[in-house]
Amino acid sequence: MVKIAPSMLSCDFSRFGEELIRMEKAGADLIHLDVMDGCFVPNITFGAPIIKSLRPLSGITFDAHLMIIEPLRYIEDFALAGADIITFNIEARSPVSQTINAIKQAGRKASLCVKPGTPVELLFEHLDLLDMVLVMTVEPGFGGQSFIPETLTKIRLLREECTRRGLDLDIQADGGISRQTVGSAARAGANVFVAGSAIFNAPQAADAIDELRLIAQREMRQNPEESI
Ligand code: DX5
Ligand code: ZN
């Protein structure tokens, strides 16, 4: 199933709550919350307290994308704040299996992320325990960057591996997703699409979300083996 996840990194932070509700009304399937610590990535955004303050405003699924150096230390905080999915990077310092277990023990969905330069095969040993995988299609840290086409191979390999093992995993593409790039990511096997600038810079967020969804659905239908 195709899901569109607006990245709140591109929203007006002075009106975070209103922007969240605007995205929900515009047809978002989940909300992507980019947490950056200025260490794992060269940018600082927000942490669990902000997510906690947003939680009462909406029941929509929150995906906390943790771009932080020690995710394991903060799993409980993000779970208590109300993140439904917790995504962390395989390149971070926390032990991967232990971090996945901590997320599961907190009753949340676990998602593992891979940067453009990291071999996707490193994710394979963890696939059985995951609910979602996030393939970064730009270098993490900033919104508004250009999609890196070489990351499509990763998405393809990942989808092939999931199909081979009979795993119905969500594969998320994050970074530079737009009407020009969403189709190739969908053809490669992604089914969840994060978009910041393409949605927030559009005159109407609902139109942008609909368009991304329609293009992705069309491209997935043309490659039925990779659609879920
Ligand atoms: C980048 C973030 C992305 C980013 C996407 O580090 O993980 O979620 O906000 O923004 P766009 O869609 O503008 O590339
Ligand atoms: Zn992100």
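Counting starts at 1 for both ligands and their atoms, in listed order.
Heavy-atom contacts of Pro140 reach the following atoms of ligand 1: 6 (O) (cutoff under 4.0 Å). If you number the atoms of ligand 1 from 1 as listed, the ones under 4.0 Å from a heavy atom of Ala195 come out as 12 (O). The contact set between ligand 1 and Met36, taken as ligand atoms under 4.0 Å from a residue heavy atom, comprises 6 (O). Heavy-atom proximity to Met67, at under 4.0 Å, picks out these atoms of ligand 1: 6 (O), 7 (O). The atoms of ligand 1 that sit less than 4.0 Å from any heavy atom of Gly175 are 14 (O). Residue-ligand proximity, His65 to ligand 1, at heavy-atom distances under 4.0 Å covers atoms 7 (O). Those atoms of ligand 1 with a heavy atom of Met136 less than 4.0 angstrom away are 7 (O). Listed by number with element, the atoms of ligand 1 under 4.0 angstrom from any heavy atom of Gly144 are 11 (P), 13 (O), 14 (O).
At least one N or O atom of Asp34 sits closer than 3.5 Å to an N or O atom of ligand 1. Among the atoms of Gly141, some N or O lies under 3.5 angstrom from an N or O of ligand 1.
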>> Applying side-chain hydrogen bond (donor to acceptor under 3.5 Å, both in side chains) to Asp174 and Gln172, what does each step give before you reach the verdict?
In response: CA-CA 6 Å; Asp174 180 13; Gln172 185 173 47; over 6 Å; no

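Taking atom 10 (O) of ligand 1 as the reference point, the nearest protein heavy-atom neighbour is Gly143 CA, 3.6 Å. Looking at atom 1 (C) of ligand 1, its nearest protein heavy atom turns out to be Phe142 O, 3.6 Å. Scanning the protein for heavy atoms near atom 14 (O) of ligand 1, the closest one is Gly176 N, 2.8 Å.
Going from atom CD of Glu219 over to atom CZ of Arg187 covers 4.5 Å, rounded to the nearest 0.5 Å.
For the pair Arg55/Leu80, no side-chain contact is recorded, criterion being any heavy-atom separation below 4.5 Å from C-beta on.
Of the listed options Ser178, Gly196, Ser197, Ser197 places a heavy atom closest to atom 13 (O) of ligand 1. Of the options Leu33, Ile177, Asp174, the smallest heavy-atom separation from atom 8 (O) of ligand 1 is shown by Asp174.
Checked options Asp29, Asp63, Asp170; the residue passing with Lys3 is Asp170 (criterion: salt bridge (Lys or Arg N to Asp or Glu O under 4.0 Å)).
Under 4.0 Å is where a charged nitrogen must lie from a carboxylate oxygen, and between Glu18 and Arg22 no such pair does.
Within 6.0 Å of OH in Tyr74 there are 12 or fewer heavy atoms belonging to other residues, nucleotides or ligands.
For Ala198, the closest heavy-atom approach to ligand 1 does not fall below 4.0 Å.
Listed by chain and number, the protein N, O or S atoms at a distance under 2.8 Å from the Zn ion (ligand 2) are His32 NE2, Asp34 OD1, His65 ND1, Asp174 OD2.
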